Amino acid sequence: MDEKYYPEKIEEKWQRLWAETGAFEVEERKGQPRFYCLEMLPYPSGFLHMGHVRNYAIGDAISWYKRLQGFNVLHPIGWDSFGQPAEQAAIKRGVNPRDWTEENIAHMRGQMKRLGISYDWRRETAAHRPDYYKWDQWFFLKMLERGLAYKRLSPINWCPKEETVLSNEQSSGGVCWRCGTPVERRDLEQWFIRTTQYAEQLLEDMREIEAGWPERVLTMQRNWIGRSEGAYVDFPVKETDERVRVFTTRIDTIYGATAVVLAPDHPLVTKIPGASALKADVERFVERVRQERAAGTGRTITGEDEAEKEGVNTGLIAVNPFSGEAVPVWVANYVLMEYGTGAVMSVPAHDERDFEFAQKYSLPIRRVIAPITHKEEPSGMEPRLGLDQSTEMTGATTDYGVLVNSGDWSGRLSEDAIREMTAFAEEKGFGEGKVMYRLRDWGISRQRFWGAPIPVIYCDGCGTVPVPEEDLPVMLPDHAEFTGTGQSPLAGVAEFVNTTCPKCSGPARRETDTMDTFVDSSWYFFRYCDPKDDARVFAPAKVAYWTPVDQYIGGIEHAVMHLLYTRFWTKMMRDLGLVSFNEPVRKLLTQGMVTNVVEGTGEWKAMSKSLGNGVDPDEMIAAYGSDAVRLFTLFAAPPENELRWQETGIEGAVRFLRRVYTMVWRWSERLSAARSAEADAPRSLAEPSMEEFSAEARALRRKTHQTIVRITNDFDELHFNTSVAALMELSNALGEFNAEPARASEADTYAVREALEALVVMLAPFAPHASEEMWEGLGHEGGLLGGDGARWPRANEDLARKEELEIPVQVNGRLRSRIRATPDTPEEELRRAALTDERVRSFTDGREVVKVIVVPQRLVNIVVK
RNA sequence: GCCGGGGUGGCGGAAUGGCAGACGCGACGGACUUAAAAUCCGUUGGCCGAGAGGCCGUGCGGGUUCGAGUCCCGCCCUCGGCACCA
């Protein structure tokens with residue numbers, strides 16, 4: 001241990017020792033409480049950025065904290081290594097995606113090791129390796145067996161010039177990102193996962209995780225699933241055999257339906273009788289909307305979000321099954337084929353969109369819901385049904401109320417009418433109650449090379465045949481042609497495509513689409529529990545021991561997709577009998593962005609290359625050490641907040657570490673003297689009695705134990721910034737404890753040792769290398785985790801609490817004085833002390849004391865006349 | 001529009017209904033130094049005061065309470081998500 005603090009030497013030393021001793025390598029251990037701490041796995045782009053550093057610093061702090069508390073902590077890492085950038089590198093620079101990916105992983109792994117994150121590196125996984133994606137394929141087959149995976153036509157973005165599939169981002173603005181050609185929509189056979197089958201459970205089970213997940217993430221997922229209760233109602237179409245099925249949440253307003261409106265791509269649109277004069281109109285309209293939608297325009301130029309509502313009359317007539325009324329059938333751009341049935345009943349009086357549409361096209365607006373008003377009666381609030389017929393409607397009223405103009409249903413309350421009318425429709429066979437979701441099935445087909453091949457074979461004789469389990473993995477070929485145009489590059493690899501049918505052994509073709517990378521990341525943390533198993537996806541006992549994840553940490557950008565898919569996947573696995581719980585993650589922490597000033601603008605933006613405001617973690621580590629960088633990222637802001645990167649802040653972190661380090665060094669000789677004294681007379685390390693401590697030492701001990709309480713509580717709440725602040729306070733208190741080590745009494749030395757040891761151990765989650773080094777400096781061998789290993793300090797409750805408080809004394813609510821008392825001073829004594837306090841007496845003198853309010857530990861208030 | 005989170009010094013941010021601004025950054029003053037850096041000490045919400053101290057102060061307006069940054073009601077501003085979802 002050196003006198004001076006050299007982060008680079010210390011960090012290198014401990015990183016080496018950790019690796020040599022396998023300090024963070026864990027196995028299942030019955031009888032020891034376990035803790036699974038997980039950070040979202042990174043995409044191997046090539047370089048860590050400060051957002052990664054923040055993510056891993058948080059995870060590492062929690063891991064160390066739990067480890068020091070005696071938990072068996074699983075803290076793994078891996079690579080989300082399939083995906084577009086590797087393929088782009090292949091297209092643009094002709095490199096092999098596998099080589100590119102492996103090189104990036106190697107470099108980033110080095111960066112992580114220099115950060116000193118406490119991972120169990122033996123458990124590292126990477127999605128692009130056959131031993132991982134084999135199990136993606138296995139899961140796919142299991143879902144196929146159970147009807148959870150299926151194939152259907154679905155539109156993709158297509159550039160007609162380059163003849164290639166484009167992602168949504170690549171086709172934004174309706175043109176190809178590379179050549180500017182207008183994008184077409186094409187229907188392709190694609191694979192889907194039936195996530196909708198779990199919609200209700202995904203909502204229901206949120207109850208189990210409510211306490212541990214941020215409210216806004218749950219809200220976003222709830223909105224995404226978008227449950228709404230309503231009913232289907234069938235409207236027969238006159239002079240045809242067709243019926244239009246609509247979905248409505250307001251069946252109580254059906255007597256106000258003055259039209260049925262179809263989405264432009266509704267099947268009935270193609271069935272308008274040929275002779276109809278309106279047919280041409282409709283076709284022209286539908287074609288225009290289709291083009292606008294493909295182009296991503298169809299929105300107003302004024303910057304408003306919604307497009308102008310437009311539509312045409314089809315000439316068809318539908319019959320309201322409740323009223324028997326004949327209403328026109330229109331087609332309009334505001335009805336979406338993707339939701340409900342692609343058809344709605346238009347009730348202008350009670351739906352804002354229908355109202356706007358009806359006004360524009362002069363469709364009748366008929367009010368069928370009247371508001372409930374209340375009038376004051378002596379007996380209380382009496383509901384009074386009122387309908388103000390006189391006022392002209394200036395907008396739709398969407399509130400519940402009382403039905404009017406609704407035949408026999410008039411007079412019913414909306415709530416009751418919805419229930420009763422739905423039952424009536426079911427009874428008569430023209431409708432049924434229905435719960436609708438916004439959630440769509442998950443399309444996993446990607447027309448790309450760099451992903452897990454979908455394990456399916458097409459045979460002319462046998463049709464679609466799943467690859468037999470024993471033939472997995474379906475290996476990605478080593479080479480392919482990366483032109484950036486055409487279909488999936490796999491389609492051009494003959495030895496991949498051409499195969500034999502597993503059923504009939506005849507010639508057959510492989511599916512050339514690969515899986516969405518969200519598949520890989522939906523279950524990776526289960527694989528960490530048993531990453532090398534070749535015979536099965538994992539040993540159930542190992543997963544049962546480690547999962548569910550206790551703490552998951554990652555960016556808010558994954559609030560919906562990844563976190564919803566992974567919740568779905570867990571439920572699917574549960575139904576396969578692989579796990580026995582519903583939810584994969586108990587507690588979720590969504591970290592904020594790391595931002596930096598954009599030169600010249602003064603704006604704080606996420607670090608990025610293009611803005612030139614990026615900070616290189618390697619440079620920071622080289623300049624200040626990993627400990628200081630990590631300490632600062634945890635101290636500078638609460639983890640959920642944006643973190644503004646300020647280099648002067650890291651300097652403060654270095655200063656702090658150096659001060660603590662210097663203090664340990666200053667005392668180390670005295671402490672080791674005390675230690676060897678202990679070897680001679682084993683009594684000397686025992687806690688001295690209270691009287692032996694100097695007043696300063698007693699104050700230091702109080703501070704030490706209060707700090708332990710504070711930091712332990714803060715850690716449980718993930719308040720790292722205040723934990724660091726508390727550590728700094730303790731270090732300041734130690735700094736002010738001005739005893740000369742050589743002359744310090746045994747008792748005072750004890751108090752210093754106690755403070756320093758607590759400080760050093762509680763520093764480990766933030767600055768593990770420095771903490772290890774100082775732990776050694778305090779005379780311990782074998783590191784924090786080995787040898788006579790450290791334990792998270794326990795507070796002595798008495799020492800933490802028993803401090804004199806200053807209790808405010810008020811006279812008639814106005815602060816007049818303070819009296820000193822300990823938390824257990826009896827109420828009576830407080831009252832007496834307050835009344836006899838000199839300053840108080842000068843205010844109460846000669847006046848009658850009416851009441852004395854005593855709130856122990858808090859306040860004494862004296863009310864006088 | 002709907003849902004969710006916020007508004008506290010120059011800045012990041014602290015405060016189980018109980019001394020607002022912990023801790024840090026920055027700034028200012030001082031010590032050391034030929035000088036600078038580093039380090040150490042002090043000051044740092046505003047106003048008044050030589051000082052002790054006093055008054056004001058947590059987006060705005062009300063309310064509850066002995067006591068409100070914190071709880072309740074009504075606004076304003078802001079960030080994020082969703083949005084023609086029937």
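Numbered from 1 within each chain, the chains take letters A, B, ... in sequence-line order. Keep in mind that the numbers below use all heavy atoms, side chains included, and drop hydrogens, waters and symmetry copies. None of the values given here were measured: they were computed from a predicted structure.
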Q: Report yes or no: is the cationic atom of A:K309 (NZ for Lys, CZ for Arg) closer than 6.0 Å to the six-membered ring centre of A:Y334, at no more than 45° off its axis?
A: yes
Quantified in whole Å, what is the [atom1] atom distance between nucleotide [N] and nucleotide [M]?
N: B:U58; M: B:G45; atom1: C1'; answer: 11 Å
N: B:U64; M: B:U70; atom1: P; answer: 15 Å
N: B:G61; M: B:C47; atom1: C1'; answer: 25 Å
N: B:A37; M: B:C32; atom1: P; answer: 15 Å

Q: Taking only Lys NZ, Arg NE, NH1 and NH2, and the carboxylate oxygens of Asp or Glu, determine whether A:K703 and A:E696 approach each other closer than 4.0 Å.
A: no
Q: Taking only the side-chain nitrogens and oxygens of A:R227, find out if one of them lies under 4.0 Å from OP1 or OP2 of B:C85.
A: no
**Q.** Distance below 4.0 Å between A:R710 side-chain N/O and B:A22 OP1 or OP2
**A.** no
**Q.** Side chain of A:A725 - closest among B:C85, B:G26, B:C23
**A.** B:C23
Atom [atom1] of [X] and atom [atom2] of [N]: how far apart are they, to the nearest Å?
X: A:E729; N: B:A15; atom1: CD; atom2: C1'; value: 12 Å
X: A:E651; N: B:A37; atom1: CD; atom2: P; value: 13 Å
X: A:N641; N: B:A14; atom1: CG; atom2: C1'; value: 13 Å
X: A:R438; N: B:A83; atom1: CZ; atom2: P; value: 5 Å

Give [X] one of three labels, base, sugar-phosphate or nothing, depending on what nucleic acid heavy atoms sit under 4.0 Å from its own.
X: A:R659; value: sugar-phosphate
X: A:P214; value: nothing
X: A:G652; value: sugar-phosphate
X: A:R655; value: sugar-phosphate

**Q.** Watson-Crick or G-U counterpart of B:G4, or none if no pair lies under 3.5 Å
**A.** B:C79
Q) With ring centroids as reference points, do A:Y5 and A:W665 lie under 6.0 angstrom apart? A) no
Q: Check whether the ring centres of A:Y361 and A:W330 lie less than 6.0 Å apart, and answer yes or no.
A: yes
